[in-house]
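Have a look at the structure below, then the notes.
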Amino acid sequence: MAKSKNNAKKVSYISVPSQIINSLSSSSLQSLLIPPKKPSTNRFFGLKWFRSPRFWFLALFLCGFLGTLKLWYTLDPLIPLSPYSCVTNQSQLQESFSNGHKRQQLGFVSNDERNDKKDQEVGSVNARELKFEAGIKPNEVKHESLKGVVDFQGGISGGVEEESEFWKQPDGLGYKPCLKFSSEYRRGSEPIFEDRRKYLLVVVSGGMNQQRNQIVDAVVIARILGAALVVPILQRVLANDVRIVSSLPSYHLTRRPVVESRTPLHVSPQWIRARYLKRLNREGVLLLRGLDSRLSKDLPSDLQKLRCKVAFHALRFAPPVLELGNKLAERMQSKGPYLALHLRMELDVWVRTGCQPGLSHDYDEIINKERKQRPELLTAKSNMTCHERKLAGLCPLNALEVARLLKALGAPKSARIYWAGGQPLGGKEALLPLTREFPNFYNKEDLALPGELKPFANKASLMAAIDYLVSENSDVFMPSHGGNMGHAIQGHRAYAGHKKYITPNKRHMLPYFLNSSLPEAEFNRVIKELHRDSLGQPELRTSKAGRDVTKYPVPECMCRDSHAHVL
């Protein structure tokens, strides 16, 4: 992250909601600091005193001032989500979300903050929000129009908050990458490299993470068939596993390949050989389409290791994407640990899941209209109501629910949060419950310098790749809903030593969100207990059938052997 020339010493910032200072007049502030004059008589409660206009003026002032304080500091009770969560109006709940914790008033801000109130609520990184640098007047802050250059706000109090339990990493139990292939697998590699007759072409589709999964399976299928895989990447890392070529030999260019686009789901290596090997030997070229989830998740150990080798070592983002993603991650890391959130709050997500965001009736109508026009998009169980899906844990968390969960898990208010994902339905308003509780809230647009994102504009997969890199490098990661990106990052973080990854236990926690009689301390205790084993600890893939090894790399790809083999 670019650093200012004038940052020789650490600085602290103090921020306070502008409505607090604006609600007090200068005379009111002065009256708090200057004590009243002593009365001329020693009989304080004498009749003369009660007849004095000054007494009644002072009494009225104190009553008004105490009433104002009550408005500031009243502790609201814990108001839960509506039991009809699909139609909850989020704007009606966000004020009550504080759970008894109003912001402490720690200082005063300049009048310019009134104009910047909207930017502050959505976590903008403009220098205008970095109020009152220690020893420097507000008008001395330089380059306030640049994003990503200035230091991030160090916390609401301006001090360094004690290390929170929230940032502690799970016990990885000593697991390390371990890709030691069997002697049988290594012996089988030689004839594959010598074969010049069989070639496999694949057509991948979907988003970035879907394409990644399909490339991983394409390499494994090429190994099963003993064919050369025609792709312009992966050539070096997989030199001992699969023959990789960047194009077909000239004598195959005029031949029509065998095209297969109807491969069933979760097929075995035996099925692959029986279905394709004879035709591939005869025609020489096989073209596969639509590989998503076609290959079984339960493969022999060597093929599982090959999956990990492709996913965690061979696949690399293009250099421009890798450079910018790492830059943004460094900017987030410049002030200490940070949390990455993958928020699934886009219109198509609500349509596909059959859920409602809890914003307003108008947004619910937009979703219902889209769902009626395109019923094929609904991937959730169609025989369930929205509320039933919610309680079953099938709906994405909205911003209010994410904020409550993070608070219950101990996330400090000063936590720096990077949020990945597309623009949420409802825009910045939909994020207000999060940005009000965690004001240090950034995305790639906030962190990037002018022009840095221009080469990737209107390229959804490249933008997703940048989000992926910043999320992968975070100290803590949490998705608001399942999906290919969350699964891929979970595997990467496990393979990197089981870095903290919070899996929201939606099905079990939502009843407690709806319990209005539950005290805050008990609510927090219950939520922490529900997530005790959902923080990224090692989990055996083999404990459940059908688990993807690139999401759960233990035990095939990670072991506790001190002589672990990586490649």
Side-chain angles (χ1 to χ4, degrees), residues 74-102 166 341-345 349-365 367-368 371 380-411 413 424-426 429-438 478-482 502-535:
T74 296
L75 302 181
D76 294 330
L78 178 65
I79 301 180
L81 298 174
S82 166
Y84 303 99
S85 53
C86 296
V87 294
T88 296
N89 190 325
Q90 190 165 289
S91 62
Q92 294 175 352
L93 294 175
Q94 57 198 17
E95 292 298 330
S96 63
F97 165 62
S98 61
N99 292 345
H101 291 286
K102 294 291 183 182
F166 182 78
L341 292 176
H342 186 211
L343 299 179
R344 305 302 312 279
M345 299 168 59
V349 175
W350 298 116
V351 172
R352 291 178 186 276
T353 57
C355 302
Q356 304 288 6
L359 292 172
S360 70
H361 178 73
D362 291 339
Y363 287 115
D364 293 345
E365 286 299 311
I367 295 170
N368 291 333
R371 196 175 291 143
K381 297 180 180 179
S382 58
N383 61 338
M384 298 175 69
T385 67
C386 174
H387 186 59
E388 288 171 341
R389 292 190 189 99
K390 186 82 171 177
L391 293 180
L394 300 177
C395 291
L397 298 178
N398 61 31
L400 180 64
E401 293 159 345
V402 171
R404 292 192 68 188
L405 175 58
L406 289 176
K407 283 191 68 177
L409 293 176
K413 193 175 187 68
L425 177 66
E429 179 186 353
L431 298 175
L432 283 179
L434 259 171
T435 58
R436 285 175 174 169
E437 287 302 319
F438 302 99
M478 188 181 86
S480 67
H481 193 54
I502 301 171
T503 303
N505 193 339
K506 292 185 287 187
R507 186 165 63 89
H508 290 100
M509 75 181 188
L510 283 175
Y512 296 98
F513 276 58
L514 301 175
N515 187 350
S516 60
S517 63
L518 195 64
E520 181 190 1
E522 180 64 12
F523 174 81
N524 293 346
R525 186 196 65 78
V526 170
I527 296 300
K528 286 182 179 179
E529 180 65 23
L530 286 176
H531 291 84
R532 183 181 58 182
D533 298 322
S534 303
L535 303 177

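This structure is a prediction, so every number in the text was calculated from the model and none was measured.
Between the CG atom in Leu409 and the NZ atom in Lys528 there is a gap of 7.5 Å [rounded to 0.5 Å]. Taking CG of Asp364 as the start and SG of Cys386 as the end, the distance is 8.0 Å to the nearest 0.5 Å. Considering CD of Gln356 and CG of Asn398, their distance stands at 11.5 Å, rounded to 0.5 Å. Between the NE2 atom in His481 and the NE2 atom in His342 there is a gap of 10.5 Å [rounded to 0.5 Å]. Interatomic distance, CG of Leu406 versus CD1 of Ile527, reported as 11.5 Å (0.5 Å rounding). Separating the SG atom in Cys355 from the CE atom in Met384 is a distance of 9.0 Å, to the nearest 0.5 Å.
For the side chain to side chain contact (heavy atoms under 4.5 Å, CB included) test, residues two or more places apart in sequence or in another chain that qualify with Val349 are Arg344, Glu346, Thr353, Pro396. Qualifying side-chain hydrogen bond (donor to acceptor under 3.5 Å, both in side chains) partners for His531, counting only residues two or more places apart in sequence or in other chains: none. Not counting sequence neighbours, Arg371 has no partner by the salt bridge (Lys or Arg N to Asp or Glu O under 4.0 Å) test. Taking Arg525 as the reference, Glu522 meet the side-chain hydrogen bond (donor to acceptor under 3.5 Å, both in side chains) condition, with sequence neighbours excluded.
Scanning both residues, Leu530 and Asn505, for their nearest heavy atoms gives O-ND2, 3.5 Å. Considering every non-hydrogen atom in both Leu405 and Phe513, the closest pair reads N-CZ, 4.2 Å. When all heavy atoms of Thr385 and Glu388 are compared, the pair lying nearest together is N-OE1, 2.9 Å. In terms of heavy-atom proximity, Pro424 sits nearest to Ala430 at CB-CB, 4.4 Å. The two residues Pro479 and Ile502 have their closest heavy-atom pair at CD-O, 3.3 Å.
Side-chain atoms of Met478 and Val402, non-hydrogen and from C-beta on, do get closer than 4.5 Å to each other. Considering only heavy atoms from C-beta on, Leu397 comes within 4.5 Å of Met509 through its side chain.
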List the steps and the verdict of side-chain contact (heavy atoms from CB on, under 4.5 Å) for Leu431 and Met345. CA-CA 10 Å; Leu431 298 175; Met345 299 168 59; 4.2 Å; yes
Run the side-chain contact (heavy atoms from CB on, under 4.5 Å) test on Asn515 and Phe523 for me, step by step, so that the C-alpha distance in whole Å, both residues' side-chain angles and the decisive distance to 0.1 Å come before the verdict. CA-CA 9 Å; Asn515 187 350; Phe523 174 81; over 6 Å; no
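No donor-acceptor pair under 3.5 Å is formed between the side chain of Lys506 and the backbone N or O of Leu394.
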